[in-house]
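To start, the structure itself, in structure tokens.
Only heavy atoms go into these numbers, but all of them, side chains included; no hydrogens, no water, no symmetry mates. Just so it is clear, the model here is predicted, and its values are computed rather than measured.
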Amino acid sequence: MRLKLDLRGLLTDLVRARCDFVVIGSSALAVQGWDVEPGDLDLFTLPDQVDSILTALEAEPETATWVTEGEARRLECEIERGSVDIYVSVSGGISYEDAVKESILVSLGTGPAEVRVGSLQHVRDMRAAVGRNSLPVEAVAPADKEGAPKVIAIDGPAGAGKSTVTRAVAEKIGFTYLDTGAMYRCVTLAVLRGRADTDDPQEIGHLARSAKISFEGERVLLDGEDVTIAIRLPEVTKAVPHISAFPEVRDAMVDRQRELFREGRFVVEGRDTGTVVAPHAPLKIYLTASAEERARRRAKETGESIGSVAAAIEERDALDSARALSALEIAEDAVVLDTTGRSIEEIVSEVAKLAHERGIA
Ligand code: DC
């Protein structure tokens, strides 16, 4: 599929969808995995485009004011649904990071839709490459790019059945299984062993980039040592949410995972695979299950009481969902599968069928 980018249509759709935040520009699309060159869509800098943007926003030209801040120009306008700010050119005076966080917004009230960007490092990288202003006629959807990584993303909360399902799907369709939770657990174990200060994100980030994490069948190796059992110890489980919330750690893990995806075909279990690590994944599954079922499964695995497991799961869910970066959430285009009361075989067959239907496996 080749998709024609109709900017006016895009804006109209976004306005209709009552998005909370819209990052406008090619960097935003590129961050989401679209095949556009940075700068391609920064056409808001062209004065003759402003009118069509305003029309799409149903704003009267006289309600819009140009504001210059540093080298960035901001179009402030009032429309029926609220105020709209569009940054049209960002360089010099304001960092793109600030703009992405605060300024390239179309604020349209409290609608549920939101267009998100990936990691700030990625935005920085994209921005560093800006320099063209031509207008693309077509853009290729990420999953349709030749040689696009074949990734099936299986995300969801603890105890939803991710490990069992992901492993079985990988085996069934001949892809490699990747457990991203184990990667975060390895970094946490290394920190608990004193290889970095628990409260020093820079040091932990460095460790997350330099530690050698590898998989041999079902075994997990940290710098060559078999840590399969050690990374599942309760003290590691307890500390992971804290360690995995550091942006420095997430950036390192996301980079490492993307690096791996370049080399093969993966079925990946995680929390942010479909939303952040591989937003272009041609198949995203969000596995979930009722809280009781999840606690029951974990208790069976660990031998603890259902009550204590339930409390721990609840606490970890809350932390995973609340963190600022890569919070546990459902990708817009994910297929949500509730595994409560369903057999593993059933779920695995359903995922494998979807993979076949989409031409992935
Ligand atoms: O899936 P798990 O229980 O092994 O994950 C361990 C922890 O790592 C969990 O608290 C969430 C975190 N994690 C994460 O933040 N991002 C991922 N992609 C995978 C796991």
Side-chain angles (χ1 to χ4, degrees), residues 97 118-122 124-125 153 155 157-159 162-163 166-167 176-264 266 268-273 275-278 298 301-304 308-309 312-313 315-328:
E97 189 175 310
S119 75
L120 288 177
Q121 183 58 49
H122 198 153
R124 269 184 231 122
D125 293 347
D155 293 312
K162 288 193 308 284
S163 299
T166 309
R167 213 183 279 279
T176 307
Y177 162 68
L178 180 69
D179 175 3
T180 60
M183 297 175 74
Y184 286 94
R185 284 172 181 273
C186 279
V187 177
T188 305
L189 177 67
V191 174
L192 293 179
R193 284 176 170 179
R195 287 178 54 187
D197 181 339
T198 340
D199 294 313
D200 185 338
Q202 301 293 339
E203 212 176 293
I204 303 175
H206 178 71
L207 176 66
R209 288 191 185 275
S210 58
K212 189 164 180 290
I213 300 170
S214 51
F215 297 88
E216 275 180 14
E218 302 207 351
R219 294 188 320 137
V220 183
L221 306 182
L222 172 62
D223 291 319
E225 177 195 343
D226 185 342
V227 291
T228 317
I229 293 171
I231 59 167
R232 307 278 160 201
L233 292 172
E235 55 265 35
V236 176
T237 303
K238 193 156 179 279
V240 193
H242 171 67
I243 301 296
S244 64
F246 288 126
E248 290 80 357
V249 172
R250 300 215 72 82
D251 279 352
M253 292 292 110
V254 169
D255 285 350
R256 290 179 78 150
Q257 288 157 23
R258 287 190 180 144
E259 195 67 39
L260 279 170
F261 297 167
R262 273 195 262 280
E263 289 159 18
F266 287 87
V268 185
E269 73 161 285
R271 299 290 194 286
D272 58 348
T273 320
T275 48
V276 176
V277 188
R298 270 287 145 112
E301 262 170 41
T302 62
E304 295 163 273
S308 67
V309 175
I313 284 189
E315 191 184 338
R316 206 142 58 94
D317 278 359
L319 288 168
D320 286 346
S321 305
R323 66 169 170 248
L325 210 60
S326 296
L328 172 63

**OP:** Examine the side chains of E218 and Y177 and answer whether a donor and an acceptor come within less than 3.5 Å of each other.
**Re:** no
Side chains of [X] and [Y], heavy atoms from C-beta outward: is any pair under 4.5 Å?
X: L222; Y: I213; value: yes
X: R250; Y: V276; value: no
X: D272; Y: V254; value: yes

Original post:
Quick one: salt bridge (charged side-chain N to carboxylate O under 4.0 Å, His left out) pairs with a partner in residues 187-200, sequence neighbours left out?
Top reply: R193-E225, R195-D223
Original post:
Going by the salt bridge (charged side-chain N to carboxylate O under 4.0 Å, His left out) test, which pairs reach into residues 178-187, not counting sequence neighbours?
Top reply: D179-R232
Subject >> Atom CD of E315 with >12 non-hydrogen neighbours under 6.0 angstrom >> reply: no
Original post:
Is the count of non-hydrogen atoms from other residues, nucleotides or ligands lying under 6.0 Å from H242 atom NE2 greater than 12?
Top reply: yes
**OP:** Please round to the nearest 0.5 Å and tell me the distance separating atom CZ of R258 and atom OG1 of T273.
**Re:** 11.0 Å
Original post:
What is the distance from atom CG of L178 to atom CZ of F266, rounded to the nearest 0.5 Å?
Top reply: 6.0 Å
Original post:
Which pair of non-hydrogen atoms, one from V220 and one from C186, has the smallest distance, and what is that distance?
Top reply: CG1-SG, 3.6 Å
Subject >> Nearest non-hydrogen partners of R209 and R256, listed with the distance >> reply: O-NH1, 3.5 Å
Subject >> Verdict with reasoning, V187 to M253, per side chain to side chain contact (heavy atoms under 4.5 Å, CB included) >> reply: CA-CA 10 Å; V187 177; M253 292 292 110; 3.6 Å; yes
**OP:** Kindly say whether V268 contributes a backbone atom to a donor-acceptor pair with the side chain of T166 at under 3.5 angstrom?
**Re:** no
Subject >> P157 backbone acceptor or donor facing K162 side chain under 3.5 Å >> reply: yes
